[in-house]
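Okay, so here's the structure we're looking at.
These numbers come from a predicted model, not from an experiment.
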Amino acid sequence: MTQSIVVQVGQCGNQVGCRFWDLALREHAHVNKKGIYDEALSSFFRNVDTRRSDGEGCDIAGGKIRSLKARAVLVDMEEGVVNEILQGPLRDVFDSTQLITDVSGSGNNWATGHRVYGSAYSERIVERVRRAAERCDCLQCFFLIHSMGGGTGSGLGSRVLNLLEDEFPEVCRIVTAVYPSAEDDVITSPYNSVLAMRELTEHADCVLPVENQSLVDIVNKIRHMAHSGKPGCVIRKDSTLISGQGGVTGAAKPFDAMNNIVANLLLNLTSSARFEGSLNMDLNEITMNLVPFPRLHYLVSSLTPLYTLADVNIPTRRLDQMFTDAFSKEHQLIRADPKHSLYLACALMVRGNVQVSDLRRNIERLKPSLHFVSWNQEGWKTGLCSVPPVGHSHSLLALANNTCVKPTFMELRERFMKLYRKKAHLHHYLHVEGMEQGCFTEALSSLSSLIEEYSQLDATKTLLLPDASRLSIAT
């Protein structure tokens, strides 16, 4: 099996990462009853003998689990979240060689994160990532988790992405980026997001955008379902949806429910890399099959079920209904409706006791209602992992390369322009050494160009023709 490394940057990135490691450990513990270090665990964890005198320990290839260490690098320019992790139940999953922190933060300023801290910490970040990479037998993928609205997440996060491309150009870079809502309390978040967008467009292999507002809507919907009064609909007291109580991560945090959904996205995305399956999907295949044009690599993700670990006693969805849910706007992790936009490609990653025939039947059922580009009418990629999420019989993650991301980017550009027309708060950025106003115009131009590329594809939707009859081949 191959290995992957998670790089989590900023407050949001580390909180989401913390939830991911918590859920991954629970999932492996549920499957791996004998406590044996196997290939499934090695994909994201090292087995370490901590008795070595230098305190760092040495890796053990197989046998009993001694001490699991996450294949991760944690970066934040404030100490708060990382210190909480180190003082909490997950403290043994990380060691000091995996952590990079400062004390002052980036002040919600992309330029401070990207240029000031990026320059100061580049060598240290590269050294930590290289050390993690050297401990992999076959490094397959980097997962970068960060937010777009804050200074460290957007600025230093996008700088880390550049470093990964420079140092490991052949290794796939999958970014999970959390976008701010229109009501975000960080006034400069439109600047930070657009500046970071340029870096993501140029340097990522694949980006999974997640909107804060969409997460809020989903959490509210689940709470409403749980309090609807219907028999069996209730959120359990130790639910990871509403808190971390009863789990690995300890007491409740304000954004646990939202972070849990993003962590669940990563859990399903990596399931084929962590477990066996009849039709496992290689992580590199996601980019290979879903990204026909290098810049158009923003994939809309939808999950069903939206809750994990049987936290919510809601009757299980039938398999066919789950496929329908995955294409409805209520299950998208950005506010979008892919059914009414144009698909470039789509991947379905299913977990549990599901047959290939079930996949094919549902694809054939849904195809007539979905608009695919004329040159990729068969643009489906499917994966089957035999291990379901804890507490569920099956789950489905859909990844769509779809033009429905365009309105999200247009709304972001409009929020950016409201500030930029008045040059509001611009001086905070231009005071940073090496930062010029041209950085803003270039970032805006990059975003506008991206929107235009999606618009050109959208324009072809009206030209779609029914399938041409195929030639009959004499045998």
Side-chain angles (χ1 to χ4, degrees), residues 7-18 73-84 99-122 124-125 144-164 175-204 207 209-212 254-255 258-259 262 412 415-416 418-420 423-440 442-444 446-447:
V7 185
Q8 39 200 74
V9 184
Q11 177 177 327
C12 173
N14 280 292
Q15 286 177 337
V16 170
C18 184
V73 178
L74 285 63
V75 184
D76 199 359
M77 295 299 100
E78 290 178 340
E79 294 179 304
V81 174
V82 173
N83 280 346
E84 279 182 32
L99 315 175
I100 299 171
T101 58
D102 203 295
V103 291
S104 54
S106 299
N108 296 321
N109 188 328
W110 180 90
T112 303
H114 194 83
R115 297 190 178 275
V116 176
Y117 288 123
S119 298
Y121 285 93
S122 284
R124 204 178 309 180
I125 292 169
L144 176 62
I145 312 171
H146 67 97
S147 71
M148 298 290 278
T152 300
S154 68
L156 190 54
S158 55
R159 183 62 176 265
V160 169
L161 181 63
N162 298 357
L163 294 172
L164 294 177
V175 180
T176 301
V178 181
Y179 283 68
S181 63
E183 291 76 35
D184 191 74
D185 57 358
V186 176
I187 191 119
T188 54
S189 68
Y191 283 160
N192 297 332
S193 299
V194 172
L195 288 162
M197 274 283 291
R198 183 191 177 205
E199 306 300 319
L200 264 59
T201 301
E202 299 298 328
H203 302 290
V207 179
V210 176
E211 279 186 324
N212 260 333
F255 298 107
M258 292 161 65
N259 293 338
V262 186
L412 179 60
R415 297 212 308 270
F416 174 95
K418 279 182 181 176
L419 293 175
Y420 192 63
K423 303 292 186 280
H425 304 283
L426 211 58
H427 61 288
H428 295 300
Y429 293 78
L430 300 181
H431 283 164
V432 175
E433 186 178 351
M435 189 71 183
E436 299 174 354
Q437 197 161 328
C439 296
F440 286 83
E442 287 171 10
L444 180 61
S446 173
L447 180 57

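By the salt bridge (charged side-chain N to carboxylate O under 4.0 Å, His left out) test, Arg198 is found to be paired with Glu442, residues two or more places apart in sequence or in another chain being considered. Under the rule for a side-chain hydrogen bond (donor to acceptor under 3.5 Å, both in side chains), Asn83 has no partner lying at least two apart in sequence or in another chain.
In this structure, the side chains of Thr176 and Val262 come closer than 4.5 Å at one or more pairs of heavy atoms. A heavy-atom distance below 4.5 Å is found between the side chains of Lys423 and Gln437. Side chains of Asn162 and Glu199 form a contact here, defined as non-hydrogen atoms less than 4.5 Å apart. With contacts defined as side-chain heavy-atom distances shorter than 4.5 Å, the pair Leu163/Ser122 qualifies. Proximity of Ser193 to Arg415: side-chain heavy atoms (C-beta onward) are nowhere separated by under 4.5 Å. Side-chain contact between His114 and Cys439 is absent, with no heavy atoms from C-beta onward closer than 4.5 Å. Looking at Met197 and Ser446, their side chains never come closer than 4.5 Å, going by heavy atoms from C-beta outward. Using a 4.5 Å heavy-atom threshold, the side chains of Met77 and Leu156 count as touching.
Going from atom CG of Leu426 over to atom CE of Met435 covers 8.0 Å, rounded to the nearest 0.5 Å. Interatomic distance, Ile145 CD1 to Gln15 CD, rounded to the nearest 0.5 Å: 12.0 Å. Note that CD of Glu202 is 12.0 Å distant from OG of Ser158, once rounded to the nearest 0.5 Å. Atoms OG and CD, from Ser106 and Gln11 in turn, are 11.5 Å apart once rounded to the nearest 0.5 Å. Summarising the geometry, atom CD belonging to Glu211 is positioned 11.5 Å from atom CE belonging to Met148; distances are rounded to the nearest 0.5 Å. Within the model, atoms CG of Asn14 and NE2 of His146 stand 12.5 Å from one another, a figure rounded to the nearest 0.5 Å.
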Distance-only check: which donor-acceptor pairs under 3.5 Å involve side-chain atoms of residues 182-191, not counting sequence neighbours?
residue: Asp184; atom: OD2; partner: Val186; partner atom: N; Å: 2.9
residue: Thr188; atom: OG1; partner: Asn108; partner atom: O; Å: 2.9
residue: Ser189; atom: OG; partner: Val186; partner atom: O; Å: 3.1
residue: Tyr191; atom: OH; partner: Leu419; partner atom: O; Å: 3.3
residue: Tyr191; atom: OH; partner: Tyr420; partner atom: N; Å: 3.4
residue: Tyr191; atom: OH; partner: Ala424; partner atom: O; Å: 2.8

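A distance-only check finds a donor-acceptor pair linking the side chain of Asn192 to the backbone of Trp110 [under 3.5 Å].
Taking the six-membered ring where the residue is Trp, Tyr117 and Tyr121 present tilted rings, their angle falling between 30° and 60°.
The two residues Val103 and Glu79 have their closest heavy-atom pair at CG1-OE1, 3.3 Å. The two atoms that bring Cys12 and Val178 nearest to each other are SG-CG2, 3.8 Å, heavy atoms only.
For the side chain to side chain contact (heavy atoms under 4.5 Å, CB included) criterion with Val207, the lone passing option out of Leu161, Thr201, Val175, Leu144 is Val175.
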